[in-house]
Structure formats: structure tokens, C-alpha cells
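Below you'll find the structure, written out as C-alpha cells, and then a few comments.
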Amino acid sequence: MTRQPRSLRIGNASGFYGDRFDAMREMLTGGELDVLTGDYLAELTMLILGRDRLKDPGAGYARTFLRQLEECLGLARERGVRIVANAGGLNPAGLADAVRQLAERLGLPVRVAHVEGDDLTAAHPGSLAAHAYLGGFGIAACLREGADVVVTGRVTDAALVTGPAAAHFGWGPGDHDRLAGAVVAGHVLECGAQATGGNYAFFHEAARSGRDLRRPGFPLAELHEDGSCVITKHPGTGGFVDVGTVTAQLLYETAGARYAGPDVTARLDTVRLTQDGPDRVRIEGVRGEAPPPTLKVGVNRLGGFRNEVAFVLTGLDIEAKADLVREQLTDALAKSPPAEVRWDLVRTDRPDAPSEETASALLRLVVRDPSQEAVGRALSGAAIELALGSYPGFHVLAPPGKGSPYGVFEDVYVPQGGVDHVAVLHDGRRIPVPPAHDTVVLDEVPEPPLPQPLSHGPTVRAPLGLVAGARSGDKGGNANVGVWVRSDDAWRWLAHELTVDRFRQLIPESSRLKVTRHPLPHLRALNFVVEGILGEGVAAQHRFDPQAKALGEWLRSRHLDIPEILL
């Protein structure tokens, strides 16, 4: 009789480069773990690391990870916990060498491996960093060969879970349903405390019920051989795990029912969540399909230089004051105007305000140009020279500087076989990782049938957020807003009420953009993708909220007619 492998406990200790430093120690000491992962990379992080590498060719990785290991490598070794992190960034080989040197200095017999092949910068002239999103089978190869620590460059966030799961359970590329379950688990874990009450729409309800949200614990998944899992956290840590927190994270930075990756396409419309006890949510039923024939490549390049200044307008005649300073600066910059000029008047002022701050509005000017001079001295001189000759009460939040470089992100695609995916072991051996041989071109999933509309009855004009949660985020120049509700009746209302037209009415910025709605009935959720709202990506700082982190909260604050029965 063949014994089934026991479940695999995979934790997370980092959701971004700069996350809570002590999380690695907390996860290693707070309870049992088999694997501890860390996600350090985002689109903006790759640009930052690219600029680091320009100054120092030996840089390009997340140095915080090394400092965490200095405190925790011995602890992980003592407890038999393997560590898998994408902290290698643009230089995974360099980070692997640095970890080996650290282990030697600490006197620890640690086998360190790394994954490479994602760097396609040479194939994209003019880019600062161009990296393919690799899957988890390179990580799996390292772990199967006995690695204690695996560092990677750009892999998908979920690969940090699919790799250890494939190694532990013996999954192969054709185990689509199992891999899809691991992808969903990985997506829930990848942003750390966002799955345990962090950034949660209904945080005030949780606080009223006695949950401590001041320092949420980090999440872990008890992953099973069939691909199902339970999301939980170490006992005694802050925050909480329930169907709502997991739903919110599932919707984060996703789009339609097909969630594609290099190993598998996970069907989000098959995910089923159930509360499995306090701070335990079971995920099961996830179906998988063959991955697409291409890999996504994130291309970062320097777009030019930007500068900004915020004029403070106080008291009466706000619009007239704004018009005056616009005209003055337009005239002053007329000889050599920047390539892009954007003005935004933010009406934070109130009539008859009790404080000067609440009596003031902000007029924000952002300029961009290929030349630093055009956005530096030219702007700062023109703005400051107005100090005694403009609107009454003239002042700015801070004087404009000399202008700073900004980045531009775009995604392109290459064939699955267009990268040399390699697992580099602790002894120097190199194991090639073949591309997926079974692939399927992505198609949109037909829209599922909607539930019967809620019966007509009295309504109340009220904020959407009284009945619906939301979480939003960025993918390049696009934003997604996932909206979910917590009862069947609320779903019957939301599915028919929050159409694309209604979304555009509530979010006027999207009125001229392409907006796509994706219903996910099992999650009682709608996912909206707004194309182009973030311009050329977060590093371009196109809008006030460049990563669309609060776009969902803005939507929740908008008023519409809500059935009384739901309130």
C-alpha cells in the first residue's frame, strides 16, 4: 500500500520589498512549518533594483532578505524549515553566493540553490530590466535535490508555493487541478497580512468583535496532495482569517475566471471557500487547465524625468485662485514647455472651516519631459518666483526639486520555450527545466448565468460599502477592482445592479476607458478591469493613487439605491 505524502505547511513572511522585518522570525517561532516563502518583487521593485544595478553590477537583489537570514538562518536550519524567496530580483546568482557566504560565516551547513533564466534584458534594447515570469518547476528541482534555501529572480508569485508543492507531492506538469489548487493557495499567501485582516474592507466590524488588527499575523497554507488547502495563521498572532479576508485576497490583481500562469491556468470560477473553524478557511474544488503557450515578460525602462508642486489655496475664490496660478505658470514656461503638463485641483476645503487646513484645497501640477532641465530648474524657478505676485495666501506644500527619473512598465510575451529556465544547485550542477508541452491559447470564459434579481422593495440612498467589500490593485497600466458581498440576497442585488455602466457612473475616471466585468458567482463577486487608468504603470506616477490601492474604497464610498432589506 502506497503512503500518501502528508500535508505541506507553507508560510509567508514577506508580501513586498520593505514588509515587516520581524515576520521571518515570527513565522519560524510561532508554530510548525515545512516551507517559508517570501515575495519581494513587484513591477516597481524591478525598476528600483535595475537602477541599483546601474550603480553596482553586483547589486540587484533584496538586501533586506540577507539581513533577515542573518538572524533566522540558524533557526530555520534547527527547525527543518526550507526557505524559498524571489529576493534574487535581477541577480539571483549573486544573492545565492551571498547566502552561502553568510552561512559559512555563521558556521551553518546550508545548501543554497537558485533559479535563473528569466532575464531577457539583452533581447530588449533600451530597457532597464526585462524579465519573464517563470513557473515553479525550477524551484521544485532545487528542492528535490536537497536545497535548504532557494532564491529566484522573477517567478510568478504563486510559483513560490507551486514549486514546493510539486516537489513534496511529486506532481508533474500534467497535474493541472492539483497545480491550480496550489496557485490559488499561493495567490492568497503572496501578499502576507492582506489575507489575515490587513487592508480589509470590513476592518471596523472585526475590531468591534474584539479582533486585534494592530499587528496581523502572516498567513500559512496547509496544502494537501489533491491540491486543496486550508488557509490559517499561527495561534496567538494578530488579525484573523475568514471567508471574507480570503475572498478579498483572491480578487486582488486578478481579472477574469481564467488566472493564467506558466505552469497552469487556474479557474477562479471553480474556487469554493468554507469556514473550517476559527481562523481556518478551506479552499477546494479548484480546476486547472493547461497553461498558455506564452510567458509574460515585464519590461521596465526609464521614461524621462518628472517633477511636481502642490499649491495650497485657502479660503474664498478657490477656482479663481487656481485659474490665476495656472495662467501664470503657463506663461512662465511658454518658451520651453515640458512635454507633458497635468493640473489637478483637489477640493479638500470646507466652507466656514474650523481650521486653516480644512479651509484649504490643493492644486497639483505634475510635469514630465525627456530632459531633466525642462522639469527641474525651469519649473522650480517659475513656481517660486510667483511667491509674492500671485493669489492671496500663496504657498506650496514643498518647493519643487530638480526633477527625478520615472519608469515605464509594459508587458510583452514570448513563447514558453523562449527562456532558458535552469535550476542551479548548491554543488554547481545545472538542471534545465523544460517548458510546458501541453498548452492552450487563452479564451474568455462565457459569462455564467446570473441569479434571479432580488424582489423589488423600498430602497435607501447609501454607500455601496455598507453591503459590499472591495479590493483593488494594479497590473501595468490597468487596474482591477474586485467587489464581493456576504449573503445570497446581496449577491442577487449586486449582480444586476453593478453593471459596467453603473461602474462608470460611480467612477467617472473610467467613463472613457475600456471596462470589463467578470462575474464569479461562487465567490459572490464581480471583478472589474479598467484598462489604461494607470497610464504607463506605477513608476510613471500617472494619477494620485498610482497603484489603484484605494480605487475600491472610493467605489465603496459612492452612493446608490440599496434595498432596505440588505441594510
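Excluded from the calculations below are hydrogen atoms, water molecules and symmetry mates; all remaining heavy atoms, backbone and side chain alike, are included.
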The criterion is ring-ring contact (aromatic ring centres under 6.0 Å, His included); which residues satisfy it with [X], sequence neighbours excluded?
X      : value
Trp171 : Phe169
Tyr259 : His187
Phe137 : none
Phe65  : Tyr40

Arg211 to Phe240 six-membered ring, cation-pi geometry met (6.0 Å, 45°): yes
Does the structure place the NZ or CZ of Arg556 under 6.0 Å from the centre of the six-membered ring of Phe202, at an angle of no more than 45° from the ring's axis? yes
With sequence neighbours excluded, residues passing side chain to side chain contact (heavy atoms under 4.5 Å, CB included) with Glu284: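 Partners of Glu284 under the side chain to side chain contact (heavy atoms under 4.5 Å, CB included) test: Ser228, Thr274, Arg282.
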Could I get the full list of side chain to side chain contact (heavy atoms under 4.5 Å, CB included) partners for Pro546, not counting sequence neighbours? Val538, Gln541
Taking the side chain as every heavy atom from C-beta outward, state whether [X] and [Y] have any pair of such atoms under 4.5 Å apart.
X      : Y      : value
Tyr61  : Leu66  : yes
Pro219 : Val241 : no
Leu251 : Leu268 : no
Thr196 : Thr245 : no
Asp263 : Pro291 : no

Which residue in the set Val286, Val264, Val184 passes side chain to side chain contact (heavy atoms under 4.5 Å, CB included) when paired with Leu179?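 Testing each of Val286, Val264, Val184 against Leu179, the sole residue satisfying side chain to side chain contact (heavy atoms under 4.5 Å, CB included) is Val264.
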Is the [atom1] atom of [X] crowded by more than 12 outside heavy atoms at less than 6.0 Å?
X      : atom1 : answer
Asp97  : CG    : yes
Arg272 : CZ    : no
Glu71  : CD    : yes
Arg100 : CZ    : yes
Glu205 : CD    : yes

Would Leu273 and Ile283 count as a side-chain contact (heavy atoms from CB on, under 4.5 Å) if you check the C-alpha gap in whole Å, the side-chain angles of each, and the deciding distance to 0.1 Å? CA-CA 5 Å; Leu273 307 178; Ile283 303 177; 3.5 Å; yes
Residue list, salt bridge (charged side-chain N to carboxylate O under 4.0 Å, His left out) with Glu289, at least two apart or on another chain: Arg258, Arg267
Looking at His131, Arg154, His421, which one forms a side chain to side chain donor-acceptor pair (under 3.5 Å) with Asp118?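 In the set His131, Arg154, His421, the residue that makes a side chain to side chain donor-acceptor pair (under 3.5 Å) with Asp118 is His131.
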May I have the list of side-chain donor-acceptor pairs in residues 102-117 shorter than 3.5 Å, sequence neighbours left out?
{"residue": "Arg105", "atom": "NH1", "partner": "Glu70", "partner atom": "OE2", "Å": "3.3"}
{"residue": "Arg105", "atom": "NH2", "partner": "Glu70", "partner atom": "OE2", "Å": "3.2"}
{"residue": "Arg111", "atom": "NE", "partner": "Gly146", "partner atom": "O", "Å": "3.0"}
{"residue": "Arg111", "atom": "NE", "partner": "Asp148", "partner atom": "OD2", "Å": "3.4"}
{"residue": "Arg111", "atom": "NH2", "partner": "Gly146", "partner atom": "O", "Å": "3.3"}
{"residue": "His114", "atom": "NE2", "partner": "Glu116", "partner atom": "OE1", "Å": "2.8"}
{"residue": "Glu116", "atom": "OE2", "partner": "Arg430", "partner atom": "NH1", "Å": "3.0"}
{"residue": "Glu116", "atom": "OE2", "partner": "Arg430", "partner atom": "NH2", "Å": "2.7"}

Using a 3.5 Å cut-off and no angle test, enumerate the donor-acceptor pairs between side-chain atoms of residues 11-24 and protein atoms at least two apart in sequence or in another chain.
{"residue": "Asn12", "atom": "OD1", "partner": "Ser14", "partner atom": "N", "Å": "3.0"}
{"residue": "Asn12", "atom": "ND2", "partner": "Ser14", "partner atom": "O", "Å": "3.1"}
{"residue": "Asn12", "atom": "ND2", "partner": "Leu189", "partner atom": "O", "Å": "3.2"}
{"residue": "Ser14", "atom": "OG", "partner": "Phe16", "partner atom": "O", "Å": "3.0"}
{"residue": "Ser14", "atom": "OG", "partner": "Asp39", "partner atom": "O", "Å": "3.0"}
{"residue": "Tyr17", "atom": "OH", "partner": "Arg63", "partner atom": "N", "Å": "3.1"}
{"residue": "Asp19", "atom": "OD2", "partner": "Gly15", "partner atom": "N", "Å": "2.8"}
{"residue": "Arg20", "atom": "NH1", "partner": "Pro216", "partner atom": "O", "Å": "3.2"}
{"residue": "Arg20", "atom": "NH2", "partner": "Glu26", "partner atom": "OE1", "Å": "2.9"}
{"residue": "Arg20", "atom": "NH2", "partner": "Pro216", "partner atom": "O", "Å": "3.0"}

Using every non-hydrogen atom in the two residues, find where Pro164 and Ala159 come nearest and quote the distance to one decimal. CD-O, 4.0 Å
Lys/Arg N to Asp/Glu carboxylate O, Glu410 vs Arg301, below 4.0 Å: yes
Is any side-chain N of the basic residue among Arg486 and Asp242 closer than 4.0 Å to the acidic one's carboxylate O? no
N/O donor to acceptor pairs below 3.5 angstrom from side-chain atoms of residues 463-473, sequence neighbours left out:
{"residue": "Arg471", "atom": "NH1", "partner": "Gln194", "partner atom": "O", "Å": "3.1"}
{"residue": "Arg471", "atom": "NH1", "partner": "Gln249", "partner atom": "OE1", "Å": "3.4"}
{"residue": "Arg471", "atom": "NH2", "partner": "Gly198", "partner atom": "O", "Å": "2.9"}
{"residue": "Arg471", "atom": "NH2", "partner": "Asn199", "partner atom": "O", "Å": "2.9"}
{"residue": "Ser472", "atom": "OG", "partner": "Ala548", "partner atom": "O", "Å": "2.6"}
{"residue": "Ser472", "atom": "OG", "partner": "Lys549", "partner atom": "O", "Å": "3.2"}
{"residue": "Ser472", "atom": "OG", "partner": "Leu551", "partner atom": "N", "Å": "3.3"}
{"residue": "Ser472", "atom": "OG", "partner": "Gly552", "partner atom": "N", "Å": "2.9"}

Residue pairs passing the salt bridge (charged side-chain N to carboxylate O under 4.0 Å, His left out) test where at least one lies in residues 164-174, sequence neighbours excluded: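 Qualifying pairs, neighbours excluded: none.
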Under 3.5 Å, which donor-acceptor pairs do the side chains of residues 49-60 form with other protein atoms, sequence neighbours left out?
{"residue": "Arg53", "atom": "NH1", "partner": "Leu90", "partner atom": "O", "Å": "3.4"}
{"residue": "Asp56", "atom": "OD1", "partner": "Gly58", "partner atom": "N", "Å": "2.9"}

